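Report on one structure; see the data block that follows.
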Amino acid sequence: MTVVAVLSMKGGVGKSTVALGLASAAWDRGLRTLVIDLDPQANASMALDVDGAAFTSSDVLADARPGVAADAVVVSGWGDSVSVIPAERSLEHRNVAQGRNSALRLRTALATLPRTYDLVLIDCPPSLGELTRNALSTADRAIVVTEPTHFALHGATEALEAIDVIAAAANPGLRASWVVVNRFRPDDREHRLNADRLAEEHGPLVYDPPIPECAGIPQSQRAVSPIHSWNSPGSREVAELMDDLLDTLLPPKRPEPRGPRLSLRRYLT
Amino acid sequence: MTTTPSGSTPRPELRKAGDANLHPSTPQSAAGEPSFLRKGLNTGDSVGPPDRDKLVDLGVKVPKSLRKAVRDEAKRRGMTVDDVVREALRERPGR
């Protein structure tokens with residue numbers, strides 16, 4: 001089981017796109033996956049074809065008693081292997097501190113639920129408020145998403161600092177896995193300059209290659225389909241990138257168990 | 001109470017948040033009672049160890065009408081006046 005928070009301080013850089021891309025890669029492999037939408041814009045919930053769910057992540061955080069999150073899990077429109085705790089607009093109310101141990105409410109409400117999945121993805125809102133703090137207090141890996149633009153790079157640095165703060169204060173098991181550059185245009189000089197700057201600042205944390213701008217991504221999201229099922233050259237390239245990114249997040253595969261051993265006893269009797 | 005898929009551990013059932021139909025841009029004053037009044041045994045706020053801080057007296061003069069309102073609130077919720085005031089103070093930012 002791996003719990004990955006996908007975050008950025010700046011909006012519109014593609015957090016949900018990366019979270020959905022990873023969910024798509026997991027869907028393609030048949031991994032049991034739970035997407036927790038913690039963004040009040042609920043874009044991931046929309047793209048996963050969840051509508052009219054009885055409970056949302058807002059209810060989970062408002063209640064926060066151990067294990068209640070299981071009641072908010074619904075199967076996505078992608079199929080049985082991908083489940084969702086959807087978001088709704090009123091989730092914005094939960095972005096401020098609430099009661100004791102406010103940043104641990106999600107972790108408490110999930111209790112042992114993540115153990116029933118191979119992968120849990122938490123899509124964060126574009127802020128470092130209480131929702132993101134809850135995500136980081138629950139996750140064991142964090143991916144920071146950025147665009148190769150000046151302001152977005154600044155937001156990526158802020159997000160990495162937030163990961164360090166939460167790791168030191170509330171979740172020692174948390175670590176930043178990658179800074180993923182999204183919507184990269186190799187023919188844009190400004191994009192190349194900013195990508196170089198990011199590599200200078202954060203070195204091996206920057207995931208290489210960047211995710212290129214691709215028309216297939218918004219098309220597949222509008223069609224509520226995984227990017228892996230979208231048949232265009234650009235979307236296939238993105239799907240392969242997401243496969244590689246997912247490989248870096250999952251624990252290494254154990255060797256295949258051998259077939260039944262020969263038993264000498266069978267031949268001796 | 002609900003059981004987990006394995007059927008072993010009972011757990012509480014999730015409740016709908018009281019502000020689910022409230023638009024996020026609604027001003028606090030129009031949102032009804034303050035959030036601390038909605039908390040209690042039915043949410044995770046009851047989870048966690050009790051306060052281990054030493055209790056101290058806080059002598060504060062308040063209007064009579066406020067004392068009456070707090071007493072009424074305490075009576076309605078089956079709490080002590082001290083508990084209601086303590087909850088209210090915990091809501092202060094930077095506590």
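Everything numeric here is computed off the predicted structure, so don't read it as measured data.
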Can you check whether B/P24 reaches A/R89 side chain to side chain, under 4.5 Å on heavy atoms?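 Of all side-chain heavy-atom pairs linking A/R89 with B/P24, at least one is under 4.5 Å.
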List the atom of [X], the atom of [Y], and the distance in Å for their closest heavy-atom pair.
X: B/R11; Y: A/A70; answer: NH2-CB, 3.4 Å
X: A/R94; Y: B/D19; answer: NH2-OD2, 2.5 Å
X: A/V68; Y: B/L14; answer: O-CB, 3.7 Å

Candidate pair B/N21 and A/E88, rule side-chain contact (heavy atoms from CB on, under 4.5 Å), full reasoning: CA-CA 10 Å; B/N21 295 320; A/E88 64 179 330; over 6 Å; no
At a heavy-atom separation under 4.5 Å, does A/V60 approach chain B through its side chain, its backbone, both, or neither? both
Tell me, for A/A72 versus chain B, whether the close heavy atoms (under 4.5 Å) come from the side chain, the backbone, both or neither.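 Both parts, backbone and side chain.
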Any donor-acceptor N/O pair, A/H93 side chain to B/A17 backbone, under 3.5 Å: no
A/D164 atom CG: more than 12 heavy-atom contacts under 6.0 Å: yes
Calculate, to the nearest 0.5 Å, the distance between atoms CG and CD belonging to B/L22 and A/E92 respectively.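 CD of A/E92 is found 12.0 Å from CG of B/L22.
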Using a strict threshold of under 4.0 Å (side-chain N to carboxylate O), is an ion pair present between B/K16 and A/D71? no
